[in-house]
Amino acid sequence: AAGNALSTAQGLAKGDQTNANLRRDVAISLQRRGDVDLLLCKIDSARAAMLESIGTFKELAQQDLENIEWQRDIAVSTGKLGHIEAAAGNAAKAIELFKDVVSSRRKLSDASPANYLFKVDLAEALRDVAGAERGAGARSRYQEVRDILAKVAQHTPLVPEQKEWLAEAELQLRPGR
């Protein structure tokens, strides 16, 4: 059923290339399909869905360079592609993608200093790189994760997942690790 809904939405979007919201909905559906395919260990299908999602978001972003939501969408899909590559055993490619996400999310965070979602997004991207990299570089990234989340927590409560990231960062920063 989900595949049929995606096919229907894709057909509608192709019929009306000017409807940015419909095209974004299709790209988000492709993200979700990629997520499910990854859970089912269908790596090639997950990768294809995520690449198509990224392509659509990039096209949308080119139409409106000021739309930060579409810039964020690109980063989300790119991060998901990094997880797909990591699952496929392509660690170097995963790290490269995660670093691209850090760069994108840092720009968004710097452009909107009061937007705590962008700060949390940056912390998540740094955590992804640290988890994939390990070693000395990972330590500095975990420190930045800890610092970002501690600042965010001063202004808004962290959700359980973010609290786990903070605890993970603090654990990784303990002496002797």
Side-chain angles (χ1 to χ4, degrees), residues 1-11 13-14 20-62 67-109 117-135 137-142 144-145 148-149 159-169 172:
N4 290 339
L6 177 58
S7 296
T8 300
Q10 286 173 317
K14 284 182 183 172
N21 290 329
L22 182 56
R23 294 183 68 216
R24 181 176 186 268
D25 289 347
V26 169
I28 290 170
S29 295
L30 286 162
Q31 276 182 347
R32 290 181 182 142
R33 188 176 100 201
D35 290 342
V36 170
D37 286 346
L38 179 58
L39 289 172
L40 296 173
C41 297
K42 296 180 178 180
I43 300 297
D44 291 337
S45 177
R47 182 183 293 121
M50 214 55 68
L51 287 169
E52 188 175 346
S53 174
I54 292 167
T56 300
F57 286 133
K58 285 183 176 181
E59 289 172 10
L60 291 170
Q62 285 299 312
N67 189 320
I68 59 175
E69 183 177 16
W70 292 340
Q71 298 299 326
R72 182 176 184 272
D73 289 338
I74 294 168
V76 169
S77 285
T78 302
K80 289 175 181 282
L81 182 59
H83 289 285
I84 292 165
E85 294 300 341
N90 301 327
K93 181 65 177 172
I95 291 169
E96 176 187 330
L97 290 163
F98 292 149
K99 286 181 177 180
D100 287 347
V101 174
V102 166
S103 177
S104 297
R105 289 186 168 179
R106 192 176 304 281
K107 287 176 190 171
L108 290 171
S109 179
L117 173 62
F118 290 165
K119 293 185 184 330
V120 170
D121 283 350
L122 175 57
E124 179 183 22
L126 287 161
R127 181 181 166 270
D128 287 342
V129 175
E133 263 185 342
R134 311 201 190 285
R139 184 172 180 79
S140 67
R141 294 186 197 283
Y142 279 121
E144 192 172 358
V145 168
I148 290 169
L149 292 176
V159 300
E161 182 180 38
Q162 296 159 359
K163 289 177 183 178
E164 289 174 17
W165 300 343
L166 182 57
E168 175 188 6
Q172 293 298 326

Can you list the steps and then say if L122 with K119 is a side chain to side chain contact (heavy atoms under 4.5 Å, CB included)?
CA-CA 5 Å; L122 175 57; K119 293 185 184 330; 5.6 Å; no
Checking R23 against V26 for the side chain to side chain contact (heavy atoms under 4.5 Å, CB included) test, could you report, in this order, the C-alpha distance in whole Å, the side-chain angles of both residues, the deciding distance, and whether it holds?
CA-CA 5 Å; R23 294 183 68 216; V26 169; 5.7 Å; no
Pair R72-L117, side chain to side chain contact (heavy atoms under 4.5 Å, CB included): steps then yes or no
CA-CA 10 Å; R72 182 176 184 272; L117 173 62; 3.7 Å; yes
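Note that CG of D44 and CD1 of I84 are 10.5 Å apart. Values are rounded to the nearest 0.5 Å. In this structure, OG1 in T56 is found 11.0 Å from CD1 in I28, a value given to the nearest 0.5 Å. Rounded to the nearest 0.5 angstrom, K80 NZ and L51 CG are separated by 14.0 Å. Taken to the nearest 0.5 Å, the CZ atom of R32 stands 11.0 Å off from the CE atom of M50. A distance of 11.5 Å separates CH2 of W70 from CD of Q62, quoted to the nearest 0.5 Å.
Annotation: salt bridge (Lys or Arg N to Asp or Glu O under 4.0 Å) contacts of R24 (sequence neighbours excluded): E69, D73. Taking S77 as the reference, Q31, S53 meet the side chain to side chain donor-acceptor pair (under 3.5 Å) condition, with sequence neighbours excluded. For S45, the side chain to side chain donor-acceptor pair (under 3.5 Å) partners at least two apart in sequence or on another chain are D37. With sequence neighbours left out, the side chain to side chain donor-acceptor pair (under 3.5 Å) criterion links E144 to R106. Shown here are the salt bridge (Lys or Arg N to Asp or Glu O under 4.0 Å) partners of D128, two or more places apart in sequence or in another chain: there are none.
Listed for the R105 side chain is a donor-acceptor partner under 3.5 Å among the backbone atoms of D121.
Put simply, the side chain of L30 reaches to within 4.5 Å of the side chain of R33, judged on heavy atoms. Residues L60 and N67 form no side-chain contact, since every pair of their non-hydrogen atoms from C-beta on lies 4.5 Å or further apart. E168 places a side-chain heavy atom less than 4.5 Å from the side chain of Y142. Side-chain contact between V120 and W165 is present, with at least one heavy-atom pair separated by less than 4.5 Å. The closest side-chain heavy-atom distance from F57 to T78 is not below 4.5 Å.
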Can you give each donor-acceptor pair under 3.5 Å made by side-chain atoms of residues 85-104, sequence neighbours left out, with the distance rounded to 0.1 Å?
unit_1, atom_1, unit_2, atom_2, d
E85, OE1, R47, NH2, 3.3
E85, OE1, N90, ND2, 2.6
E85, OE2, R47, NE, 2.7
K99, NZ, E133, OE2, 3.3
S104, OG, D100, O, 3.2

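For L149 against L166, the heavy-atom pair with the smallest separation is CD1-N, 3.7 Å. Of all the heavy atoms in A123 and I148, the pair that sits closest is CB-CG2, 4.0 Å.
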